[in-house]
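Computed from a prediction, not measured in an experiment: that's the story for all the values here.
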Amino acid sequence: MRLVMTEPVEKMERPYARRWWALLVLCLSLLIIVMANTALTVAAPDMTEDLGLSSADLQWVIDGYTVPYAALMLLFGAIGDKYSRRGALLLGLGVFGGGAVFGSLADSAATVIAARAVMGFGAAMIMPATLSLLAATFPRRERAKAITVWTATSGVAIAAGPLVAGALLEHHAWTSTFLINVPIAAVAIVAALVLVPPSKAAKHGRIDYVGGLLSVVWIGALVYMIIEGPHFGWHAKAIAAAVVAGVGLVLFVAWELRHPRPVVDVRRFTDRGFAGANLAVALFFLAVFGAFYYLTQHLQFVLGYSALETGLRMLPLAGAVFAGSALTGFLTPRVGMKWTVTAGMVGGTAALALLTRIDAGSSYGDFVAPLMVLGLAIGLALSPATDAIMGAFPESELGVGGAVNDTSIELGGSLGIAILGSLLATSYSGHLADATAGSKLPASALSGAQDSVGAGYTVAQGLGEKARQVAAQAAQATDPQQAAQLKAQAGQLASGARQMADAVGSSFSDAVAHASLVGAIVLGVGTVLVAVLLPGRKAAEPVSETEEEKELVGTR
């Protein structure tokens with residue numbers, strides 16, 4: 001047996017024998033690029049304190065990964081199709097691991113953001129390669145099962161990120177959340193060489209680099225606008241990004257419609273099933289990423305759990321994803337993709353609706369049901385939607401198909417964090433102002449507390465520390481009148497600290513409920529649209545194995 005797998009999958013006369021082991025490697029590669037974002041949400045407080053990050057710095061530490069990741073996937077997917085899908089995976093893992101090392105050595109906001117951008121560059125090669133290699137390696141009769149495992153991995157990674165990061169942060173610095181990616185990437189590279197067969201399109205003309213570059217411009221500008229506008233205001237940068245995104249999209253569509261070999265045939269989006277599946281993926285991740293953004297903050301800041309405790313409390317989501325994935329594997333062949341996707345989106349809407357009941361008195365028990373329903377919904381909806389998207393592309397464009405699916409995920413996730421995150425911040429600030437109205441808190445303290453829930457608790461802790469210092473001065477004072485004045489001042493400060501802490505907790509809880517309501521409305525309306533767009537079972541019958549074999553014979 002050769003140590004390195006060299007026989008291309010396209011030249012094999014029968015399905016690759018070790019394809020399920022190859023899938024394990026692809027899932028491992030997927031795991032680290034999804035966890036790179038979710039783990040950072042837990043590591044963010046330590047990183048902020050160590051590097052002195054502002055709220056704007058922290059936002060771009062998180063989103064510096066997203067912009068290149070989303071913008072480059074279509075182009076890299078096309079390049080992988082033509083030259084080597086496994087090569088794209090290996091190169092992406094190398095770049096991703098190098099960016100992780102760079103991030104662990106960073107000592108400023110700029111260097112951390114740069115490192116995250118490098119990791120996003122690598123992830124843009126990895127993500128479409130995992131799906132295209134999966135689709136190329138598995139025969140069509142097994143592809144839906146393999147995609148179910150792939151999407152379950154994605155859902156589990158959302159919950160596993162905080163758990164792994166929390167465990168590391170118990171005994172190590174935030175840099176460990178970067179370094180953990182390095183050995184995993186190294187193992188994935190070796191395993192890919194041994195277990196994943198090479199693959200590329202049997203027939204692929206010249207790459208449409210103009211269309212690819214236009215896709216980079218408009219998607220990158222759109223994601224930048226989504227991040228910049230809601231969080232930092234609609235100033236010149238955000239408006240310019242919006243203009244570039246709009247013009248770039250128009251030019252991209254016009255070019256692709258005229259090009260004989262477009263990087264992606266935009267006419268596919270006129271197909272109801274294809275458009276509905278992409279809309280389902282985008283809307284679902286809008287809800288998932290948006291909810292995840294504020295749930296981890298609520299568990300850490302309001303309920304006071306450590307990073308590890310927060311990760312452990314996200315495990316019901318991971319378990320439910322597995323259950324939903326198993327259920328969709330049973331249901332989809334029997335009732336059709338339309339009904340499982342729609343049921344999953346209804347479940348996601350219900351999970352967000354349950355979160356509208358969160359208030360100042362809520363405990364972790366109030367989050368368990370929404371987490372389990374959301375996880376079940378992820379498992380139900382995403383596998384069949386992804387399978388439908390991949391099934392719309394021929395063998396020569398599997399990398400592009402994976403990139404289209406993954407771009408929908410990233411655009412949806414970016415919108416979720418931007419829209420629900422912005423609503424959360426606005427609602428929290430307004431509720432906090434109302435809760436502290438009439439108090440004797442300094443205006444500067446209130447302004448600082450309104451920046452974020454973490455800043456609010458920092459202000460409360462500062463007031464408490466000041467109260468203890470004044471109380472200590474009162475105990476040492478020899479003048480009874482001065483001592484009485486200091487004691488009164490200490491009491492006021494202590495009362496203000498308690499009031500601020502209570503106000504911050506209740507205001508953020510109310511903001512979570514408000515953001516969840518908006519998210520539920522958006523996803524609910526989207527569910528109706530997706531149900532209308534997706535075809536019924538007869539219209540979406542999969543290609544038979546005989547037809548697939550004929551297609552493959554024709555491409556060899």
Practice task
Please say which of I147, N278, L131 ends up in a side-chain contact (heavy atoms from CB on, under 4.5 Å) with I389.
Solution key: N278
Problem - Aromatic plane relationship, F269 with F274 - under 30° parallel, 30 to 60° tilted, over 60° perpendicular - result: perpendicular
Practice task
Identify whether NZ of Lys or CZ of Arg in R313 sits under 6.0 Å from the centre of the six-membered ring of F367 and within 45° of that ring's axis.
Solution key: no
Completion exercise
Applying salt bridge (Lys or Arg N to Asp or Glu O under 4.0 Å) to R267 and not counting sequence neighbours gives D265
Problem - Contacts of Y224 that satisfy ring-ring contact (aromatic ring centres under 6.0 Å, His included) - sequence neighbours left out - result: W60
Practice task
Please name all residues satisfying ring-ring contact (aromatic ring centres under 6.0 Å, His included) with Y65, sequence neighbours left out, ordered by chain then number.
Solution key: Y69
Exercise for the section: Any chance you could measure S509, atom OG, to H514, atom NE2, to the nearest 0.5 Å? Expected result: 14.5 Å
Problem - side-chain contact (heavy atoms from CB on, under 4.5 Å) involving E256 - partner list, sequence neighbours excluded - result: D208, F252, P262, V263, V264, V266
Exercise for the section: Using side-chain contact (heavy atoms from CB on, under 4.5 Å) as the criterion, list what pairs up with I184, not counting sequence neighbours. Expected result: L28, I32, I180
Handout entry: Residue list, side chain to side chain donor-acceptor pair (under 3.5 Å) with R85, at least two apart or on another chain
Key = D81, S199
Problem - Y83: ring-ring contact (aromatic ring centres under 6.0 Å, His included) partners, not counting sequence neighbours - result: none
Handout entry: Distance, nearest 0.5 Å, that separates CG of L222 from CD1 of I219
Key = 8.0 Å
Handout entry: L89 side, atom CG; L193 side, atom CG - distance, nearest 0.5 Å
Key = 9.0 Å
Exercise for the section: List for me each residue that meets ring-ring contact (aromatic ring centres under 6.0 Å, His included) alongside W21, sequence neighbours excluded, and say none if there are none. Expected result: none
Problem - Separation between CD1 of I358 and OG of S363, rounded to the nearest 0.5 Å - result: 8.5 Å
Problem - Centroid-centroid distance, F285 to F292, less than 6.0 Å - result: no
Exercise for the section: Check whether any side-chain heavy atom of L286 sits under 4.5 Å from a side-chain heavy atom of L523, and report yes or no. Expected result: no
Handout entry: Nearest-0.5 Å distance, OG of residue S29 to CZ of residue F96
Key = 10.0 Å
Exercise for the section: Using the test side chain to side chain donor-acceptor pair (under 3.5 Å), find all partners of T130 that sit at least two apart in sequence or belong to another chain. Expected result: W150
Problem - Under the salt bridge (Lys or Arg N to Asp or Glu O under 4.0 Å) test, residues paired with R19 that sit two or more places apart - result: E142
Problem - Residues forming a side chain to side chain donor-acceptor pair (under 3.5 Å) with T151, sequence neighbours excluded - result: S383
Fill in the blank from the handout: Here the gap from L283 atom CG to L415 atom CG, rounded to the nearest 0.5 Å, amounts to 9.0 Å
Fill in the blank from the handout: Contacts of W218 meeting side chain to side chain donor-acceptor pair (under 3.5 Å) (sequence neighbours excluded), chain-then-number -> none
